[in-house]
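This report refers to the structure that appears directly beneath it.
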Amino acid sequence: MPMEAPWKRHLKPDGPGRIRISKHGRMLTDAILVSDESHMSSHTDDRSPTQLVNTASLPGIVGEAWAMADWHFGYGFPIGGVVATDVDWGEQGGSISPGGVGFDINCGVRLCSTDLHISQIDPKHLAEELSMKIPAGASRKGGVPLGNSELDEILAGGASAAVDLGLAEARDLSCIESNGLLNSENREVGHKAMKRGSSSLGTLGSGNHFMELQVVDRIVDEEAAKAFGLRIGQVTAMIHSGSRGLGHQVCSEHVANIESNYSRRGDSWFSEKWGFSVPDRQLASAPIHSSEGESYFDAMNAAGNFAFANRSALTQRLREVLRNEYSVDGGLDVVYDVSHNIAKIENHVIHGKNCTCAVHRKGATRALGGDHPELSSSFPLGQPVLVPGDMGTASWVMAGPVNGANDAFSSSCHGAGRRLSRTAAKASVDSELLISELEEKGIHIRAKTPNVLSEEAPEAYKDVDEVIGLTNRAGLARPVARMRPVSVIKG
DNA sequence: ATGTAC
């Protein structure tokens, strides 16, 4: 008989949509799962709450360790995890950990609105056109070739550098998280990562990445939907992609570098250099003000800028396709663009005290209140929170609070969350059958690799509507509008 | 997620 996971004896309901794991063992803080009894019981894998519990022992952690409603198993940290550390903790600051951000640095979602009504488009034809014009799949084929100086401009300037290079529109910038720009002073991105970035800009990638045309099929919050420029029957476009091989390379190198400072000590991993101890080697972290910590943070931001530019370049390709079909570009505007794999320095009030902290969001979306200075009064009803579901069901737009911050360091879920592992999904789903089933539902899908389709099948994901409901009940973000897919491009 | 193994 396998031993029961210790956290199971420390669970207690903590209001609607929240289950608290009280501090026990090596935890420095409590942990909170956005979940309820029925949602909990649908999870047969105990490993991700164990991962969440492990993160609560990161040096310098503040508040609680959170798992958003779409939590599932990840590298060290659970996906859906939100962990904040005090940047002024100890001699060199609290933890910064590459595992708390993920391999696809600044993977994120962009939602675009159009002037088109669903009755004006031919989704099957557009799926075909998009599949020919949007570079997708694991290769870099079709990406924008960049010289080293151009690539460095992107790493320094993010989405605005994409505008300068003619790969994006200036009017899009104010509708991107952090205006599409993260501060990277040194851009210490190795030559391998530079090479991988030299021809992958403007490519979708593989796995759960996609470009999708959708139709707004439900409005829950009329006022916010109107403010976001959304209405029933309208065609929208959603792009889910990240920093491609460049970000992956940056993460791999820094994971290796930081992990190399840890060695086994009893049942945990210890860094002599920093006096840090973590229960899992994959949680390896460096003090944020150490040279390793600063170097990772700076390179992570550079890779994050690449991801903003990548989603910008993909938007431009989408505009070209629409321009070919209609006289103009379909009136395509960016509603918002969010990151769901990033660590950011933010000010928060924790148990009544102000704290500058490094908020790690790994598979979690920022959800700022409408009065936050960054939104500069453009979203008075709360920051748009973009939640892609699965390709056979729907995606959602939510909104952060009207005022102030939510309890999870202003964070929300980032998707439906995986129910089946990639391998389990591949074993149980026939991709040909899936294509015809989706076609019958009016969803036209084009994929570079059939295997990806099985991995991404609707049954591989949790019910997105349930995840949205939990997030709402937990008081993190409120649902605004639901979009149903009609044309889907996969890698 | 990923030049899905250097």
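So you know, we letter chains A, B, ... as the sequences are listed, proteins then strands, and number each from 1. Both backbone and side-chain heavy atoms feed into the values below; hydrogens, waters and symmetry mates do not.
- To the nearest angstrom, C1' of B/dT4 lies 18 Å from NZ of A/Lys448.
- Taking atom CD of A/Glu456 as the reference point, atom P of B/dT4 lies 18 Å away to the nearest angstrom.
- Ring geometry for A/Trp71 against A/His43 counts as parallel: the plane angle stays under 30°, on a 0 to 90° scale with 60° as the upper cut.
- For the pair A/Glu466 (side chain) and A/Asp463 (backbone), a donor-acceptor distance under 3.5 Å is absent.
- Spacing between atom CG of A/Asp104 and atom P of B/dT4 amounts to 15 Å, rounded to whole angstrom units.
- If you measure from atom NZ of A/Lys192 to atom P of B/dT2, you get 17 Å, rounded to the nearest angstrom.
- Annotation: A/Phe103 is in aromatic contact with A/Tyr75 [ring centroid separation under 6.0 Å].
- We find that CD of A/Gln249 is positioned 11 Å from C1' of B/dC6, with the value rounded to whole Å.
- Aromatic ring centres of A/His340 and A/His240: separated by under 6.0 Å.
- Counting to the nearest Å, the P atom of B/dT2 and the OH atom of A/Tyr75 are 17 Å from each other.
- Between the NE2 atom of A/His248 and the P atom of B/dT4 there is a distance of 10 Å, rounded to whole Å.
- Contacts between residues 410-431 of chain A and DNA chain B, defined by a heavy-atom separation below 4.0 Å, involve A/Arg422, listed by number.
- Take A/Glu439 and apply the side-chain hydrogen bond (donor to acceptor under 3.5 Å, both in side chains) test, not counting sequence neighbours, and it matches A/His444.
- Sorted by first then second residue, the salt bridge (Lys or Arg N to Asp or Glu O under 4.0 Å) pairs that include residues 42-52 of chain A, not counting sequence neighbours, are A/Lys8-A/Asp46, A/Asp45-A/Arg47.
- Between the CD1 atom of A/Ile79 and the P atom of B/dT2 there is a distance of 13 Å, given to the nearest Å.
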